[in-house]
Amino acid sequence: MIYMRRIPGIIYRKRCIVFSAVAILVFVIIILLHWGILCSNIQAWHHVSYLVYTTDKDGNKKYPSEAEFEAMLAALVSSKLNISVPREKLQKLGHLGPSALEGLHGTSSDKRKREMEAVWFLLQGHEYLVSVLFEEREVFPRVVGTCGPYFASEWVDPLLWEESKEEWINRVHAAVLVLELLEALEDSVPAFRLCDVRPGDFGITNDGSKAKVLDSDTALPQAVADKMTSDNKPCSKDEDCHYLDCKSSCHKGLCSEPVLNNNLQVVCDKVFLNQKLPGGAVVLPGLLMSEHTPSSLTALLRLCVDHPSGEGADYVRKKLYGTLSQMEMALIDETI
């Protein structure tokens, strides 16, 4: 502690040396960035955000035509999500809506150019892309407005709970909504895999009717998640082939298997049974672990974590949903 207190004085006495060292370090970093030896996220963002817009010999920006812009959007969706979408979807992605253009000056052509810039920047973000593209599925918070490169989403209350008899019915209700959300994520095209699951990644809408995914950055289409775990990189153990909570196995020294677990297993483990740190350590009991939890539900949740794929998984899903729905109705009857 005494040494730490002396640091400011040492820096002041050696300020010439310190300033020179900092200047040399900054200079070296700039040179490495310039030569391309180092790369920064800022460079990548700048390159991606403005890749669309070239300039002519007079320094004027040249914008794509509507057809070219639509083709660029199709390529972007394909590269990020590994899917093709119909033209009407691309047209929706390519516009922000009348409210976003209010207050902008210039001709309609000028406004459209600025809209293209904002759209292209926003679509680099996975969260905005999936929220707009799959809005009708109601699994991600709805985008309610944009302002340049920023967007606002509907408010969804994060999944939080307390330990009390009165709160228990709300926890059971929330678990039912999360199970319905998982079904909605998996039963449409494309199916989505949740590759980084925590209780705070889920939220309940204001009217209490739906659960939604709050953090969609690692909500990936199944094909994309499979690529993350089957990229043929060398491995010596199964853990080398995991992508966060999307788990696979090492086969003959290569990661060549698709994702082998499913969303329900991960949610049962990391939301319903336990709350875990990113490293895997259990911190607190999960959403459905309480003094009010019947032993039959605890056994079912443990089966959920370890259940096999195929028909076994479908049985566990239906059994868990039926059990929780019946518990919720019984608890409601008790309060009447």
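Atom set for the values below is all heavy atoms of this structure, side chains included, hydrogens, waters and symmetry mates excluded.
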I need the [X] [atom1] to [Y] [atom2] distance, nearest 0.5 Å.
X: Ser84; Y: Leu90; atom1: OG; atom2: CG; result: 9.0 Å
X: Glu166; Y: Leu331; atom1: CD; atom2: CG; result: 11.5 Å
X: Glu136; Y: Glu138; atom1: CD; atom2: CD; result: 9.0 Å
X: Asn232; Y: His251; atom1: CG; atom2: NE2; result: 10.5 Å
X: Phe140; Y: Leu133; atom1: CZ; atom2: CG; result: 9.5 Å

Could you give me the CA-CA distance, side-chain angles and deciding distance for Lys111 and Glu115, then say whether side-chain contact (heavy atoms from CB on, under 4.5 Å) is met? CA-CA 6 Å; Lys111 292 180 180 180; Glu115 184 182 29; over 6 Å; no
Under a 4.5 Å side-chain heavy-atom rule over Ile, Leu, Val, Met, Phe, Trp and Tyr, are [X] and [Y] clustered together?
X: Met327; Y: Leu159; result: yes
X: Val156; Y: Leu182; result: no
X: Leu160; Y: Val172; result: no
X: Val266; Y: Leu264; result: yes
X: Met289; Y: Val305; result: yes

Please give me the minimum heavy-atom distance between [X] and [Y], naming the atom from each residue.
X: Pro199; Y: Lys270; answer: CD-O, 3.6 Å
X: Ala219; Y: Leu194; answer: CB-CD2, 3.8 Å
X: Thr293; Y: Leu288; answer: OG1-O, 2.6 Å
X: Val77; Y: Leu93; answer: CG2-CD1, 3.7 Å
X: Trp161; Y: Pro285; answer: CZ2-O, 3.9 Å
X: Thr229; Y: Pro258; answer: OG1-C, 3.4 Å

Go through the steps to decide whether Arg317 and Glu186 satisfy the test salt bridge (Lys or Arg N to Asp or Glu O under 4.0 Å), and finish with yes or no. CA-CA 12 Å; Arg317 183 188 306 274; Glu186 296 172 3; 3.1 Å; yes
With heavy-atom distances below 4.5 Å as the criterion, would you say the side chains of [X] and [Y] are in contact?
X: Pro158; Y: Leu214; answer: yes
X: Val139; Y: Lys212; answer: no
X: Leu301; Y: Leu320; answer: yes
X: Leu179; Y: Phe272; answer: yes

Within a reach of under 6.0 Å around [atom1] of [X], are more than 12 heavy atoms found that belong to other residues, nucleotides or ligands?
X: Lys319; atom1: NZ; value: no
X: Glu88; atom1: CD; value: yes
X: Lys227; atom1: NZ; value: no

Could you go step by step and tell me if Glu163 and Ser290 meet the side-chain hydrogen bond (donor to acceptor under 3.5 Å, both in side chains) rule? CA-CA 7 Å; Glu163 179 59 57; Ser290 163; 2.8 Å; yes
Verify whether one side chain among [X] and [Y] offers a donor that lies under 3.5 Å from an acceptor in the other.
X: Asn82; Y: Ser78; result: no
X: Glu117; Y: Tyr63; result: yes
X: Glu180; Y: Tyr321; result: yes
X: Gln265; Y: Asp269; result: no
X: Asn170; Y: Trp168; result: no

So Leu260 and Ser249, side-chain contact (heavy atoms from CB on, under 4.5 Å) or not? Walk me through it. CA-CA 8 Å; Leu260 299 177; Ser249 63; 3.6 Å; yes
Check: Phe121 ring centre within less than 6.0 Å of Tyr128 ring centre: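 When the ring centroids of Phe121 and Tyr128 are compared, they turn out to be at least 6.0 Å apart.
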